[in-house]
Amino acid sequence: MKPVLLVIAHGSRDPRHAATVHALVRRVRSLRPGVRVETGFLDFNIPSVQGVLESLAAEGVRDVVALPLLLTRAFHAKADIPAVLREAPPQLRIRQAEVLGPSPLLLSALERRLYEAGLTPADKSSTGVVLASAGSTDPEAIAVIADIAREWRHTGWCAVRPAFASAALPRTEDAVRELRALGCARVAVAPYVLAPGFLPDRIARGAADADVLAEVLGPAPEVARVLLRRYDAASARALRLSVSA
């Protein structure tokens, strides 16, 4: 039996968040019908991660890959999720997968969202892009966003600047002004977030003076493919460990 894939989302009071998570999970199921995929939330929404794990154990499931629905390896991936998994029923063998980012597929998804918002490939050299993330107090997560912005700049954009909706600077509106000052003919904001909610709404407000605002990544096919790659990698590690044990 293949391990059950448990997608762990943060959760939100905003109903758009859970709806987007469920849409992404449906896409994952369609891409890999032979894998059972469940969803659990850390907060605000049901089912909870603990509730899903207890239900799986009661059914006799033994192997689970727990995949954080996160773009950076910050506090939730390092502390919250491992803490929840430690409380799982002891008969479950759980392997925590890596977070989704960074990945070239996510850059492809960001670019496609910008084209869906009205840009064309011919606009790249004259367009500055704000890579707008939720933000974090974790220096590692902030550094990853800055690295992604530098990498993306090398694909032909006029300039790419990181921005953060919370916990770090600059804010989206500051990055938009910086790109204007650099002389970019147009400025686009690409939200590097998975689902709508409070912080993505703050990003949108900060993009008021931009020419283009892309949609969140949401249930993009590229995101679903990254998710399955993380699942496959975690499953392979678990198999190697069981063989060598």
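Summarising the local packing, CZ of Arg13 is surrounded by 12 or fewer heavy atoms from other residues, nucleotides or ligands at distances under 6.0 Å. Remark: Leu182 CG is packed, more than 12 non-hydrogen atoms of other residues, nucleotides or ligands lying under 6.0 Å away. At most 12 non-hydrogen atoms from other residues, nucleotides or ligands lie less than 6.0 angstrom from CD of Glu215. The number of heavy atoms from other shown groups lying within 6.0 Å of CG (Asp201) is above 12.
Under the 3.5 Å distance criterion, the side-chain polar atoms of Thr155 are left unmatched by any main-chain donor or acceptor of Glu151. A donor-acceptor pair under 3.5 Å links the side-chain atoms of Arg171 to the main chain of Ala168, judged by distance alone. Gln50 places a side-chain N or O within donor-acceptor distance of the main-chain N or O of Glu87, the cut-off being under 3.5 Å. Using a distance-only test at 3.5 Å, with no hydrogens or angles considered, a donor-acceptor pair links the side chain of Asp211 to the main chain of Val187. Side-chain N or O atoms of Gln96 include one that pairs as donor or acceptor with a backbone N or O of Ala77 at under 3.5 Å. Within the 3.5 Å criterion, the main-chain N or O of Lys2 finds no donor-acceptor partner in the side chain of Asp63. Arg186 places no side-chain N or O within 3.5 Å of a backbone atom of Leu119 that could act as its donor or acceptor partner.
Hydrophobic clustering (side-chain heavy atoms under 4.5 Å, transitive across Ile, Leu, Val, Met, Phe, Trp, Tyr) keeps Val25 apart from Val61. One hydrophobic cluster, built from ILVMFWY side chains closer than 4.5 Å, cannot hold both Tyr231 and Leu53; they sit in different ones. Under a hydrophobic-cluster definition in which Ile, Leu, Val, Met, Phe, Trp and Tyr are linked whenever side-chain heavy atoms come within less than 4.5 Å, directly or via other members, Leu70 and Val7 are assigned to different clusters. Under a hydrophobic clustering in which Ile, Leu, Val, Met, Phe, Trp and Tyr are joined whenever their side-chain heavy atoms come within less than 4.5 Å, directly or via other members, Ile148 and Phe164 fall into the same cluster. Linking Ile, Leu, Val, Met, Phe, Trp and Tyr whenever their side-chain heavy atoms come within less than 4.5 Å leaves Leu213 and Val129 in two separate clusters.
When all heavy atoms of Ala109 and Ala220 are compared, the pair lying nearest together is CB-CB, 4.3 Å. The minimum heavy-atom distance between Arg230 and Leu100, with the atom names listed, is NH2-O, 2.8 Å. Contact record, Ser166 with Arg202: CB-NH1, 4.0 Å, taken as the closest heavy-atom pair.
Of the N and O atoms on the side chains of Ser235 and Asp232, not one donor lies less than 3.5 Å from an acceptor on the other residue.
Of the residues Val99, Leu69, Leu67, Leu42, the one that meets the side-chain contact (heavy atoms from CB on, under 4.5 Å) test with Ile81 is Leu42.
No salt bridge links Arg177 with Glu173; every basic N to acidic carboxylate O contact stays at or beyond 4.0 Å. Salt-bridge formation is detected for the pair Glu116/Arg113: a Lys NZ or Arg NE/NH1/NH2 atom is positioned less than 4.0 Å from an Asp or Glu carboxylate oxygen.
Here side chain to side chain donor-acceptor pair (under 3.5 Å) pairs that include residues 130-146, with residues two or more places apart or in two chains, are Lys78-Asp138, Lys78-Glu140.
You'll find the ring centres of Phe41 and His76 outside the 6.0 Å limit.
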